[in-house]
Amino acid sequence: MIREIKETELDGLLELYTHLHESGVPENSDHLQKTWETICHDKNHHIIVCELDGRIVSSCVCVIIPNLTRNIRPYAFVENVVTHSEYRGKGYATACLNYAKELALAAGCYKIMLLTGSKSESTLNFYKKAGYNCTDKTAFIMWL
């Protein structure tokens, strides 16, 4: 089942993120809880999940960003695309990305941007197959 996350599912999401690049689940703190609350109450911040048998097995984040250019049309940014290592290759992340695309279309977005730190050919081909290209824009990152 592809859907948006429920406010009660933070623990499952954090566990899934250990299959992304996190070395562990962050300590439960006021900062974590306040950040989670901010995300849950932001109408433009969407955490999309794939649930199987009560477990979150894949997810991505889609943020709709209001914009003053392109005829005042917003754009979407997709981040934190991840699938639990035991569930990869079954189309779950693609389904999450398709859900994000539907959210972006419904919001009137003119584009979706996605960045990946992966250099793996299979990962890059996955994003290309999902409809993303790496030729239209050049991305620059400044780590803070």
Side-chain angles (χ1 to χ4, degrees), residues 1-27 31-33 35-144:
M1 169 194 304
I2 307 298
R3 59 174 173 76
E4 291 198 50
I5 199 161
K6 299 172 188 167
E7 199 164 347
T8 59
E9 295 178 309
L10 175 60
D11 291 340
L13 182 66
L14 293 176
E15 190 281 324
L16 177 64
Y17 282 170
T18 64
H19 296 266
L20 182 60
H21 49 66
E22 301 299 318
S23 58
V25 175
E27 179 181 327
H31 180 59
L32 174 66
Q33 292 303 319
T35 301
W36 180 240
E37 185 176 312
T38 298
I39 290 168
C40 288
H41 293 105
D42 181 347
K43 68 180 178 69
N44 289 318
H45 198 131
H46 306 272
I47 299 178
I48 300 155
V49 299
C50 174
E51 177 193 347
L52 287 177
D53 300 321
R55 181 180 197 187
I56 296 173
V57 300
S58 189
S59 179
C60 72
V61 172
C62 177
V63 179
I64 308 296
I65 302 167
N67 181 40
L68 295 174
T69 66
R70 302 287 179 147
N71 204 25
I72 317 173
R73 291 177 64 199
Y75 57 92
F77 189 79
V78 170
E79 184 65 71
N80 295 336
V81 180
V82 60
T83 300
H84 189 289
S85 58
E86 296 174 12
Y87 295 86
R88 291 182 181 155
K90 297 179 177 15
Y92 303 135
T94 298
C96 289
L97 289 175
N98 288 339
Y99 192 103
K101 180 180 177 182
E102 292 304 316
L103 289 172
L105 287 168
C109 293
Y110 75 95
K111 70 178 176 182
I112 302 173
M113 294 186 294
L114 180 149
L115 298 175
T116 181
S118 177
K119 305 295 184 220
S120 163
E121 199 64 33
S122 64
T123 301
L124 300 179
N125 286 334
F126 163 73
Y127 289 126
K128 289 175 186 175
K129 188 177 175 186
Y132 293 84
N133 77 69
C134 57
T135 58
D136 290 349
K137 297 266 185 176
T138 301
F140 291 88
I141 303 291
M142 178 186 290
W143 296 104
L144 304 174

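Just so you know, residue 1 is the first one in the sequence shown, and it goes up from there.
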Residue pairs meeting salt bridge (charged side-chain N to carboxylate O under 4.0 Å, His left out), one or both in residues 40-51, sequence neighbours left out, come to R3-E51
Heavy atoms of K119 and L124 approach each other most closely as O-CD1, 4.0 Å
Sequence neighbours excluded, the answer for side-chain hydrogen bond (donor to acceptor under 3.5 Å, both in side chains) partners of N133 is T135, D136
Those residues at least two apart in sequence (or on a different chain) that pass side-chain hydrogen bond (donor to acceptor under 3.5 Å, both in side chains) with T138 are none
Paired with H46, the side-chain contact (heavy atoms from CB on, under 4.5 Å) test is passed by just one of I64, I39, I5, namely I64
Contacts of S59 meeting side-chain hydrogen bond (donor to acceptor under 3.5 Å, both in side chains) (sequence neighbours excluded), chain-then-number -> none
d(L20 CG, C60 SG) to nearest 0.5 Å is 11.5 Å
Donor-acceptor list for residues 89-116 side chains, cut-off 3.5 Å, not counting sequence neighbours:
| from | atom 1 | to | atom 2 | distance (Å) |
| --- | --- | --- | --- | --- |
| N98 | ND2 | T94 | O | 3.4 |
| T116 | OG1 | S118 | N | 3.1 |

ring-ring contact (aromatic ring centres under 6.0 Å, His included) pairs touching residues 120-144, sequence neighbours excluded, are none
Residue set satisfying side chain to side chain contact (heavy atoms under 4.5 Å, CB included) with D53, at least two apart, ordered chain then number -> none
Heavy atoms of L14 and L32 approach each other most closely as CD1-CD2, 4.1 Å
In this structure, CD1 of I56 is separated from OG1 of T83 (nearest 0.5 Å) by 12.5 Å
Hits for side-chain hydrogen bond (donor to acceptor under 3.5 Å, both in side chains) against H84, two or more places apart or cross-chain, chain-then-number order -> H19, R55
Here the side-chain hydrogen bond (donor to acceptor under 3.5 Å, both in side chains) pairs for residues 62-78, sequence neighbours left out, are N67-T69
Contacts of E37 meeting salt bridge (charged side-chain N to carboxylate O under 4.0 Å, His left out) (sequence neighbours excluded), chain-then-number -> none
By side chain to side chain contact (heavy atoms under 4.5 Å, CB included), C40 pairs with (sequence neighbours left out) E7, W36
For V61, the side chain to side chain contact (heavy atoms under 4.5 Å, CB included) test, sequence neighbours excluded, returns Y17, H45, I47, V63, N80
Between the CG atom in L13 and the CG atom in D11, the distance rounded to the nearest 0.5 Å is 9.5 Å
